[in-house]
Amino acid sequence: MTGAQDDGTVLRVEGLSVSYGAVQALRGASLIARRSEVIGIVGESGCGKSTLASALIGLPAPGARMRGQVEIGGRDIVAAPERARRAMRGAAVAMIFQDPMTSFNPVLTLGQQLTDFQHRSALPRRARRARAAAMLARVGLPDPELALDRHIHELSGGMRQRAAIAAALLMQPQLLVADEPTTALDVTMEAQIIHLLRELRHEHQGAIVVITHHLGVIGELCDRVYVMYAGEIVEEGTTDEIYHDPRHPYTQALIACDPAHIAGTVDRLPTIPDRVPDLDPPPPGCSFAPRCPVAMARCRTDAPPRVTVGPGHAAACHRVTP
Amino acid sequence: MSLFELHEVGVDIPLARGITAALGGHEPRVLNILDGITLDLHAGETLGLVGESGSGKTTLARAMLGLRAARGQMRFQGQPLVRAVLRRATAMMFQDPVASLSPRMRVGDAVCEPYVIQRIPRSRRRSAADLLDSVGLPPSLAALYPHELSGGQARRVCAARALALNPALVIADEPTAGLDVSIQGDILNLMADLKRERGIGLMIITHNLPVIRHSAERIAVLYLGRLVETGPTPEVFARPAHPYTASLIASQPNPDPRKRRADLAIRGEVPSLLRRPPGCPFHTRCPVARDICARVPPPEIHVSATRRVRCHFPLIQPDRNGPQGGQ
Amino acid sequence: MSFAADSRTDGARPRPRGALGRLMSEPMGATGAVLVALFIAVALFAPLIAPYDPLALDIPAKLQGPSLAHPAGTDQLGRDTLSRLIYGARTALAIAMGATGAAGVIGLALGMMAGYGPRWLDGALMLVLDSLASLPMILFALAVITVLGPSATTLVFVIILVSISGYARLVRAQTLGLANAEFIQAERTMGASNLRILFRHLMPNVVGPLLIVLSMDVPVVIMLEAGLSYLNLGIRPPVPSWGNILYDGYSSLRQQPALVIAAGVPLVLSTIGFTFLGEGLRDALDPRLKGGGP
């Protein structure tokens, strides 16, 4: 399947807004992901990253209103009717969830489900099962043939996440969305899943979007990063730019707070005072202004412009200069 | 003086057995969760207990609080454990703060619950507002139910409840689990302040190494129910002695893309407690394991006056000048 | 906006309304509550409301249709049907609420003991309760009535015996789920006694679901009472019970169909009332559903 445009863009999100009643959970998000690229979406709880994830697979929460475009391989999943969305899911876009236990049916064997996932393929059942086994072997499950006859609860946490990755990749989607793929895992398991995703990106022809609150996962895995705060993308750039040259005060504060960033013992760990604002409706001006250490009067009234600081590096802030 | 001493502590739990086995009078099968834990905790000190799931870290905490039967010797404030004393002088903060508050009890009642349970006379109680204030929460929160709190608020409420009786020892299980990075520091700072102001001994149980690194003076690493390494945090992080500690530190994802790891520090998964490897439990995943590791459980060696490691081939050589072996 | 969002702003937020307020805010719950309240009021104040003595015979005026003097007509003995229905509410209430209430209390106690107590106690209790539950309800009722003779007491006894098991199972399942919850663990670390954990922390959490089931079972028992009385195995005539009235109505269906209809109306209304109340309680009693978040 080669629906991707010539410049290799697999995912193009343009001015995406999602609201639940009065709550404007996501406001005007724009991002792109190209073939063989891993992009990261990072933010804290309530920043809208889960809303974005569900919009990317065309499955908004009940009662949500979506505006804008989410083009996967050139087709807009927002404008598409439910039938077309369903066809795109699995074939064009697949998702890995935080808890792999919930993405499998507990009463069916892994083999039954991995064969069923290929229901759109023309292959005979036996061939589909062989593909499933090959995919399980690829993601590092020992004895894949045996694993096919197991139920999900018989696998360990790390193996479950591997199986979930295998399931997602089975239909060779152009876009793979991983929502907090390592949050439920132990550190040594997390490192292994990161390693696996890093290996797979070279074989997998599509783009990978990793959604996480964990800067370590971003640092280890992603090429480019979008930083989200209170339903907006506040900064974007390469992982290196975001970590070593963050421009938005929120990005700076977030990195400063990450204990992994701090070497040696400190007397007090840094924090960001106050809380994420309510989004019904969001505050006028910059949504980070109430917590921002360098906010000016203008920040509380005028929405900040998107300032380009370099090719591909931009931040939405009044203080940032090119 | 040590606030809490553990000497060769172990915990076994009987496996549920079928009726036929019970009637047949077979020896009940037991699952060894912890063994040979020797550790002490000082007043005014934070000890970080690190381990992955299945390492037995929560079981150890429960044994220390007298909630679980254990072998070996434990002394609290120099005395053998007495349940009534423990209940008053220790407190536990659970992993899920909202779930650890009774869902139909208002916050104000919840923080004063220890007074009611311990039948503290009214004159010696602190008010709910006072307790909430000591953890930086407004008194108006007292009227709320637990599910109405944010994650950070619920954590503080649990801290207030833990501090109500002025305990000498507080055990916190994953105090930052589920919290945003920007609030994590808040809770850790609060706990550090309380420790400093009141001289509390604090034990933080976590699998999150960065949390330990900045908040604990000493660290103890558990692997499959064995204490594999203990020592001052900065030294352990700078030069880990046990291969497992080294792998744990190396596995920590680094936010700096320039310091990406190309290879994997550790492969495989923690074995099931039901199939504990013989010899050193880590030998199945250890990069430096040799034949002896699969046969002989490693002894605990002192690599310096303050550091102990349970390994046949520690990554750092024992300090010749330091005390060798023995307690 | 919702409470959940408000609560995050420290302090200034509306206090959650009580369970009753939440119940009355839903049309279903409100309907149920009003009907049940009406039913209870009628039962309690029967002597004040009833226009006639329910037992007073007036043979010449037998089997009349609805009229101003007798809004619901009269039966084959000329007794005023409305008055009999009003007094019948007393019978229904006493039996239904008495029996389900008693069964609920016993079920609550046994269920909590089984769920929180030692494993052997759980095993023993469940063995007994399962044996009870395996008795076919109607046949068992008939057997007991045959032995003890039909009376209100027998009826209540049978109903209690057959319904305890279901309530106890429900409470036990809830208790088992909560026994290892962190807040119970927390209570243990603070040194709370088992009694305190059971009554202060477990009971408030298991009693809600039980109340819902109880409320929905009341109409079942009313129907059972009516059914058994209809079969002449429940309340003995001349004591007015809805089942007796229904039976009388059925016997004289050819002469006066109004009697059957009159006896059916309170049965239907009370069934709807208790069922709606149960549904309403389900939402109102769960503090987590208050307001509901985004």
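By convention in this document, chain letters (A, B, ...) are assigned in the order of the sequence lines, proteins followed by strands, and residues within each chain are numbered from 1.
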Exercise. Side chain, backbone, both or neither: which part of L221(A) has a non-hydrogen atom closer than 4.5 Å to chain B?
Worked result: backbone
Exercise. Is it the backbone or the side chain of I218(A) that comes under 4.5 Å from a heavy atom of chain B, or both, or neither?
Worked result: backbone
For this session: Quick one: which of G268(B), S182(B), A238(B) has the most heavy-atom pairs under 4.5 Å with chain A, could you say?
Result: S182(B)
Seminar exercise, completed: The interface call for D193(B) against chain A, heavy-atom contacts under 4.5 Å, is side chain
Exercise. Do you know which of A250(B), A192(B), P257(B) has the most heavy-atom pairs under 4.5 Å to chain A?
Worked result: P257(B)
For this session: Give the C-alpha distance, both sets of side-chain angles, the deciding distance and a yes or no for side-chain contact (heavy atoms from CB on, under 4.5 Å) between L209(B) and V187(A).
Result: CA-CA 9 Å; L209(B) 285 174; V187(A) 185; 5.6 Å; no
Exercise. If only atom types and distance count, is the side chain of D180(B) paired as donor or acceptor with the main-chain N or O of S45(A) below 3.5 Å?
Worked result: yes
Exercise. Among pairs that include at least one residue of residues 251-270 of chain B, which meet ring-ring contact (aromatic ring centres under 6.0 Å, His included), considering only residues two or more places apart or in two chains?
Worked result: none
Exercise. Looking at D258(A) and P255(B), what are the two nearest heavy atoms and their distance?
Worked result: OD2-CG, 3.8 Å
Exercise. When heavy-atom pairs shorter than 4.5 Å are enumerated against chain A, which of D186(B), T233(B), V270(B) gives the highest number?
Worked result: D186(B)
Seminar exercise, completed: Cut-off 4.5 Å, heavy atoms of chain B, and the answer for E190(A) is side chain
Problem set entry | Side-chain touch Q184(B)/C257(A), heavy atoms, less than 4.5 angstrom | no
